[in-house]
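Scope of the values below: all heavy atoms of this structure, side chains included, with no hydrogens, waters or symmetry mates. Positions are given from 1, in the same order as the sequence printed here. Both ligands and their constituent atoms are indexed starting at 1 by order of listing.
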Amino acid sequence: MERNKVTIADLTQKKETGRKITMMTAYDYPTAKLVDEAGIDTILVGDSLAMVVLGHESTVPVTVDEMLHHCKAVRRGANKSLLLGDMPFMSYQISSEKAVENAARFIKEAGCDTVKLEGGTEMAPIVSAIVRAGIPVCGHIGLTPQTATKLGGFKVQGRDAESARQLLKSAKDLEEAGAFMLLLECIPDLLAARITREIKIPTIGIGAGKDCDGQVLVFHDLVGLFERFTPKFAKQYVNLSPMIRKALAEYKKEVEESSFPGPDHTFSMRKEEAEAI
Ligand code: KIV
């Protein structure tokens with residue numbers, strides 16, 4: 001059955017009726033097309049792009065222009081899924097004006113439906129300014145990779161009552177600021193469940209247990225294409241890297257021994273024409 005384009009109202013309704021929301025990252029046209037055709041509700045062009053596609057050590061170096069380049073490709077492949085563009089480090093922290101300006105580029109230039117940005121209570125005024133400008137914002141709290149150094153590294157957040165209370169407050173402040181959804185990364189399942197119960201907007205978990213309103217994974221973790229490290233929360237559904245290595249080795253061998261291209265991959269011409277050249 002042909003599905004309709006997913007809207008924010010659909011996601012809210014899913015939360016209200018207890019149906020899980022699906023999200024997957026994508027960074028290019030073919031992947032976006034596969035994700036969209038799989039019926040995944042939302043596609044995030046995450047700043048994880050910096051690591052899994054561009055080969056950086058962290059998400060910090062990726063620029064707005066680089067993000068937009070990939071968002072545009074994803075937009076061309078994503079017909080029905082709601083598209084979120086991830087605002088990179090320092091594209092929204094400096095001032096509300098700068099944040100609105102950059103958020104608008106994701107919508108106007110790249111065709112994203114919404115943006116996502118990292119940070120809790122301290123980011124509420126920025127979220128509010130972007131929302132007031134007419135751009136839907138998804139928040140992101142818990143482990144926020146752009147500021148991982150400040151958080152003491154890539155560690156589970158909110159394990160003690162004090163920091164958990166702060167994360168719960170952040171969730172409420174972001175909801176109050178107008179965020180339409182909230183991504184919860186690397187926090188204990190009991191805290192994620194509590195946040196999910198106490199706010200009306202949907203929560204999307206990654207390393208936050210099963211009681212969030214939905215889940216997200218990084219595409220390259222799901223298919224085994226990022227081999228530098230695998231986070232505990234990432235489930236690999238297929239391991240493509242060895243398959244690709246095998247295909248490349250076979251190709252190399254066949255070219256070197258002249259068995260590729262064979263007749264099936266070759267164009268012919270009449271002998272007389274070849275002789276008349
Ligand atoms: O950039 C990203 O891919 C993310 C993940 C948490 C999904 O933000």
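- With a 6.0 Å radius and a threshold of 12 heavy atoms from other residues, nucleotides or ligands, Arg159 has its CZ atom at or below the threshold.
- Annotation for ligand 1: atoms under 4.0 Å from non-hydrogen atoms of Asp86 are 1 (O), 8 (O).
- Lys80 places no side-chain N or O within 3.5 Å of a backbone atom of Asp36 that could act as its donor or acceptor partner.
- In terms of N/O distances under 3.5 Å, ligand 1 is approached by Ser48.
- Short contacts between ligand 1 and Ile206, defined as distances under 4.0 Å to a heavy atom of the residue, involve ligand atoms 6 (C).
- Within the 4.0 Å heavy-atom shell around ligand 1 one does not find Met23.
- Proximity of Asp47 to ligand 1, defined as any heavy-atom pair under 4.0 Å, is shared by backbone and side chain alike.
- Applying the 4.0 Å criterion to heavy atoms of His140 picks out, from ligand 1, the atoms 6 (C), 8 (O).
- Counted by atom type alone, Ser170 and Asp173 present zero donor-acceptor pairs between their side chains at under 3.5 Å.
- Set against the non-hydrogen atoms of Lys116, the atoms of ligand 1 under 4.0 Å away are 8 (O).
- Checked by atom type, the side-chain pair Ser128/Arg132 shows a donor-acceptor distance below 3.5 Å.
- When non-hydrogen atoms are compared, ligand 1 lies under 4.0 Å from the side chain of Leu44 (C-beta onward) but not from its backbone.
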Practice task
For salt bridge (Lys or Arg N to Asp or Glu O under 4.0 Å), just list the numbers for Glu256 and Lys253, CA-CA rounded to whole Å, side-chain angles, deciding distance to a tenth of an Å, and then say yes or no.
Solution key: CA-CA 5 Å; Glu256 286 172 351; Lys253 179 169 168 286; over 6 Å; no
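- Listed by number with element, the atoms of ligand 1 under 4.0 angstrom from any heavy atom of Glu185 are 6 (C).
- Within ligand 1, counting atoms from 1 as listed, the ones closer than 4.0 Å to a heavy atom of Gly46 are 1 (O), 2 (C), 3 (O).
- When all heavy atoms are compared, the tightest approach of Lys14 to Lys20 is NZ-O, 3.3 Å.
- None of Asp10, Asn79, Asp113 except one satisfies the side-chain hydrogen bond (donor to acceptor under 3.5 Å, both in side chains) rule with Lys5; the exception is Asp113.
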